[in-house]
A.B. asks: 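Okay, here's the structure, questions in a sec.
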There are 2 protein chains.
Amino acid sequence: MKKEKIAPICKVNIVDEEKVREARKNLSNKDQILEMAAIFKLLGEPTRLKTILSLIDNELCVCDLSAATDSSVSAVSHQLRLLRNARLVKYRKDGKMVYYSIDDEHINNVIQKIKEHTEE
Amino acid sequence: MKKEKIAPICKVNIVDEEKVREARKNLSNKDQILEMAAIFKLLGEPTRLKTILSLIDNELCVCDLSAATDSSVSAVSHQLRLLRNARLVKYRKDGKMVYYSIDDEHINNVIQKIKEHTEE
DNA sequence: CAAACACTTGCACACTTGTTCAAATATGCT
DNA sequence: AGCATATTTGAACAAGTGTGCAAGTGTTTG
């Protein structure tokens, strides 16, 4: 008994297997995709994005970051922790002050990865 | 009566006014920052990022997008609406099928804006 | 040492968001 | 028309998230 011919029908299945296979190739490295998404997510929140943009020219202490971004010190500090964990920013302590700056090395790494992912 | 000299004290105020002013310059265009954040936020969710990455090579119907990204048709459709609204993707109808593809023109615009913002 | 200060952190809470389910819409087929 | 398929949409709900508040840490200053 032969199979029915495959019509462009979906029904829980696939219309164009070839294209789906090709699309999946861009999704093969799951960890990398999750990492990319995590980075984008961090940049997708105004307070955090403003924080990053504020640090482009100079390092700033938390206090000045708070002033620059019009956010409370607490809010900024909370967000800085997330940025720190993702290594988007680094910090240096000087007495009771903490100066944050962009972690260029790691960010360049990330950008490089994203480029590799999308440019091939 | 003279003002006290400005010591490196924060207390709701600013430590280094010059650096804060400079930082604020990068934040002057508020609308643009919000738009950037919105784009990043959209890319910061795995289902949506996978959707975008799936569309890099070919247009795909919702059904195949669902297969490629391992998400339900409904979930993908919901996310596609957001991507559509932000004009990250466009679509064309063909009978009962809807084929989505990347809205290159608009995306290139966005990338250009972001570059202008961060490279100067 | 005590007080002031810069910053961090845990908790609480309002708000947002992604998914599922079911129903609705739209098109194609017989 | 009636049924099947492809997609969209709305409601509901759980899970996630950003912020303020208050307490905590570590450092400087008097």
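Throughout, a chain's letter reflects where its sequence line sits, starting with A, and its residues are numbered from 1. It should be emphasised that the depicted structure is a prediction, and the values quoted were computed from it without experimental measurement. Computation of the quantities below employed the complete heavy-atom set of this structure, encompassing side-chain atoms and omitting hydrogens, waters and symmetry-equivalent molecules.
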A.B. asks: Specify the separation, in whole Å, of atom CG of B:Leu42 and atom P of C:dG18.
C.D. replies: 9 Å

A.B. asks: Using whole Å, report how far CG of B:Leu83 lies from C1' of D:dT8.
C.D. replies: 15 Å

A.B. asks: Expressed in angstrom and rounded to an integer, what is the separation of B:Phe40 atom CZ from D:dT17 atom P?
C.D. replies: 18 Å

A.B. asks: Do any side-chain nitrogens or oxygens of B:Arg84 fall under 4.0 Å of OP1 or OP2 in D:dT9?
C.D. replies: yes

A.B. asks: Whole Å only: how far is the CZ atom of B:Arg81 from the C1' atom of C:dT25?
C.D. replies: 15 Å

A.B. asks: The side chain of B:Met97 lies closest to which of these nucleotides: C:dC5, C:dT20, D:dT7?
C.D. replies: D:dT7

A.B. asks: Using atom NZ of B:Lys93 as one end and atom C1' of C:dG28 as the other, report the distance to the nearest whole Å.
C.D. replies: 14 Å

A.B. asks: To the nearest Å, give me how far apart CG (A:Asn85) and C1' (D:dT17) are.
C.D. replies: 15 Å

A.B. asks: I need the CG-C1' distance between B:Leu82 and D:dT9, as an integer number of Å.
C.D. replies: 13 Å

A.B. asks: Ignoring hydrogens and geometry beyond distance, is the side chain of B:Ser74 in donor-acceptor contact with the base of D:dT9 at under 3.5 Å?
C.D. replies: yes

A.B. asks: Quick one: which of D:dT9, C:dC7, C:dT9 gets closest to the side chain of A:Cys63?
C.D. replies: C:dC7

A.B. asks: Ignoring hydrogens and geometry beyond distance, is a side-chain donor-acceptor pair present between B:Ser72 and B:Ser74 at under 3.5 Å?
C.D. replies: no

A.B. asks: Salt bridge or not between A:Lys25 and A:Glu22? Use side-chain N to carboxylate O under 4.0 Å.
C.D. replies: no

A.B. asks: Do B:His78 side-chain and D:dT7 base share a donor-acceptor contact under 3.5 Å?
C.D. replies: no

A.B. asks: Using a 4.0 Å heavy-atom cut-off, does B:Thr47 contact any base of the nucleic acid, only the sugar-phosphate backbone, or nothing at all?
C.D. replies: sugar-phosphate

A.B. asks: B:Glu45 has a side chain; which of D:dT28, C:dT9, C:dT19 sits nearest to it?
C.D. replies: C:dT19

A.B. asks: Output, in order, the C-alpha distance, side-chain angles, deciding distance and verdict of side-chain contact (heavy atoms from CB on, under 4.5 Å) for B:Leu55 and B:Leu65.
C.D. replies: CA-CA 8 Å; B:Leu55 293 176; B:Leu65 271 173; 3.9 Å; yes

A.B. asks: Can you tell which of C:dG18, C:dC7, D:dT28 lies closest to the side chain of A:Cys61?
C.D. replies: C:dC7

A.B. asks: Provide, to the nearest angstrom, the distance between the CD atom belonging to B:Gln79 and the P atom belonging to D:dT9.
C.D. replies: 13 Å

A.B. asks: With nearest nucleotide decided by heavy atoms, which residue, B:Val76 or B:Gly95, maps closer to the 5′ end of DNA chain C?
C.D. replies: B:Val76

A.B. asks: Please examine the side chains of B:Leu27 and A:Ser54, heavy atoms only from C-beta on, and report whether any two atoms are closer than 4.5 Å.
C.D. replies: yes

A.B. asks: Within the structure shown, what part of the strands sits under 4.0 Å from B:Tyr100 by heavy-atom distance: base, sugar-phosphate, or nothing?
C.D. replies: sugar-phosphate

A.B. asks: Among D:dG26, C:dG28, D:dT7, find the nucleotide with the atom closest to the side chain of A:Lys96.
C.D. replies: D:dG26

A.B. asks: Looking at B:Lys19 and A:Glu59, would you say the former's side chain and the latter's main chain have a donor-acceptor pair under 3.5 Å?
C.D. replies: yes

A.B. asks: Please pick, from C:dC7, D:dG18, D:dT7, the nucleotide with the shortest atom-to-atom distance to any side-chain atom of A:Arg48.
C.D. replies: D:dG18

A.B. asks: Check this for me: does any side-chain nitrogen of one of A:Arg24 and B:Asp70 sit under 4.0 Å from a carboxylate oxygen of the other?
C.D. replies: yes

A.B. asks: Once you apply a heavy-atom cut-off of 4.0 Å, does A:Tyr91 come out as touching a base, just sugar-phosphate, or nothing?
C.D. replies: nothing

A.B. asks: Just compare D:dT7, C:dT17, C:dC7 and give me whichever is closest to any side-chain atom of B:Lys41.
C.D. replies: C:dT17

A.B. asks: Check every strand shown and say whether B:Ser72 touches a base, only sugar-phosphate, or nothing at a heavy-atom separation below 4.0 Å.
C.D. replies: sugar-phosphate

